[in-house]
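Along the sequence shown, the residues carry numbers beginning at 1. Remember, it's a predicted structure, so these values are computed and weren't measured experimentally.
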Amino acid sequence: MNHASPTLFQLCNIQKLCKCLCETAKKKLPHRYTQAEHRTEILVKAFSMFARCHNIYDHNFIDETQAHALEEAVEEFMMFFRESFPQATVPIKMHVLEDHAIPWAKSFHVGFGLLGEQGAESIHAKFTRLGLAYTAITDKVKHLLCIVKEHLISISPQVVVAIPPPQKKNKIIA
């Protein structure tokens, strides 16, 4: 579920990808062109519905509203899949999406974007960018602390209220 480029999940790219089916049918199987058009419509709708699911579960942080939106999107997608492809079996990744993604999101408030090798690479890239943003801090411990705090706030914005403000030092006036 996490091996695709985010640009693939944009409607214009889904339409371009599926349009190839019609173009190929027109050139190689003109007698099947009408059938290809119908299949293209189904595929555009299915991929668009899946894209909606992917765009929610791929987030770092998922709140209750997003978890509910994911639940609706998954139900809609799976119903459409079963209606459109009645003879098809449900692939394992779609099973995970249907039966495990929502409980996961509701329990842990994170999506699947952080799981697997791609998630680790994504975090590594994010830490590298944050490290560059804090290069002016020469103390290595303070530098790392700034990176970790910034990352924590980006994946769990609700913790901002839990971070105590810096303590002011009392100045001694002589």
Side-chain angles (χ1 to χ4, degrees), residues 1-130 132 150-158:
M1 282 191 275
N2 56 358
H3 297 336
S5 165
T7 57
L8 179 61
F9 298 108
Q10 296 171 357
L11 181 59
C12 62
N13 294 330
I14 291 170
Q15 290 169 332
K16 285 178 191 174
L17 178 68
C18 294
K19 188 178 174 187
C20 293
L21 181 61
C22 286
E23 291 169 358
T24 302
K26 190 180 234 180
K27 290 177 188 173
K28 307 234 180 212
L29 302 165
H31 62 287
R32 297 276 180 123
Y33 182 74
T34 305
Q35 185 182 12
E37 277 186 317
H38 176 68
R39 279 290 175 199
T40 297
E41 289 175 21
I42 291 172
L43 290 173
V44 167
K45 189 169 182 179
F47 288 146
S48 298
M49 291 173 140
F50 176 76
R52 182 174 164 224
C53 299
H54 181 273
N55 290 334
I56 298 169
Y57 76 67
D58 200 45
H59 278 76
N60 289 338
F61 177 74
I62 297 178
D63 61 21
E64 288 299 319
T65 304
Q66 290 168 315
H68 181 69
L70 177 61
E71 191 167 20
E72 287 179 352
V74 169
E75 285 175 13
E76 185 180 318
F77 169 63
M78 293 304 296
M79 187 177 353
F80 182 78
F81 176 81
R82 287 188 173 98
E83 288 171 1
S84 300
F85 308 99
Q87 302 302 317
T89 58
V90 175
I92 187 71
K93 288 189 176 187
M94 285 173 61
H95 160 74
V96 170
L97 178 65
E98 183 176 35
D99 293 336
H100 304 288
I102 290 98
W104 172 273
K106 287 179 177 179
S107 295
F108 300 106
H109 303 286
V110 294
F112 289 161
L114 296 177
L115 298 176
E117 185 180 335
Q118 289 76 18
E121 289 298 322
S122 171
I123 290 173
H124 182 263
K126 196 179 282 187
F127 270 72
T128 301
R129 282 192 305 275
L130 288 172
L132 293 172
E150 186 74 27
H151 178 69
L152 176 63
I153 291 168
S154 75
I155 63 167
S156 298
Q158 76 277 14

_Do Arg82 and Met78 make a side-chain contact, defined as non-hydrogen atoms from C-beta onward lying under 4.5 Å apart?_
yes
*Check Phe80 against Ile42 and note the closest heavy-atom contact, atom names and distance.*
CE2-O, 3.6 Å
*Contact summary for Gln66 and Ile56, nearest pair of heavy atoms*: O-CG2, 3.5 Å
*Report the distance from atom CZ of Phe50 to atom CG of Leu43, rounding to the nearest 0.5 Å.*
14.0 Å
*Measure the shortest side-chain to side-chain distance between Lys16 and Asn13 over non-hydrogen atoms and say whether it is less than 4.5 angstrom.*
yes
*Would you say Arg52 has more than 12 foreign heavy atoms packed within less than 6.0 Å of its CZ?*
yes
*Closest approach of Ala105 and Ala67, non-hydrogen atoms and distance?*
CB-CB, 4.5 Å
*What's the verdict on side chain to side chain contact (heavy atoms under 4.5 Å, CB included) for Met79 and Glu83, showing C-alpha distance, side-chain angles and the deciding distance?*
CA-CA 6 Å; Met79 187 177 353; Glu83 288 171 1; 3.5 Å; yes
*asked:* How close do Lys106 and Glu64 get, counting heavy atoms only, and between which atoms?
replied: O-OE2, 4.4 Å
_Any side-chain heavy-atom pair of Glu75 and Glu71 under 4.5 Å_ = yes
*Between Glu72 and His68, do the side chains contain an N or O donor and an N or O acceptor separated by less than 3.5 Å?*
yes
*Does NE2 in His38 sit with more than 12 non-hydrogen atoms of other residues, nucleotides or ligands closer than 6.0 Å?*
no
*Check whether any side-chain heavy atom of Trp104 lies under 4.5 Å from a side-chain heavy atom of Ile62, and answer yes or no.*
no
_Using side-chain heavy atoms (C-beta onward) and a distance below 4.5 Å, is Leu97 in contact with Lys93?_
no
*In terms of the angle between their ring planes, are Tyr57 and His54 parallel, tilted or perpendicular, with boundaries placed at 30° and 60°?*
perpendicular
*Between Met49 and Phe81, is any pair of side-chain heavy atoms under 4.5 Å apart?*
no
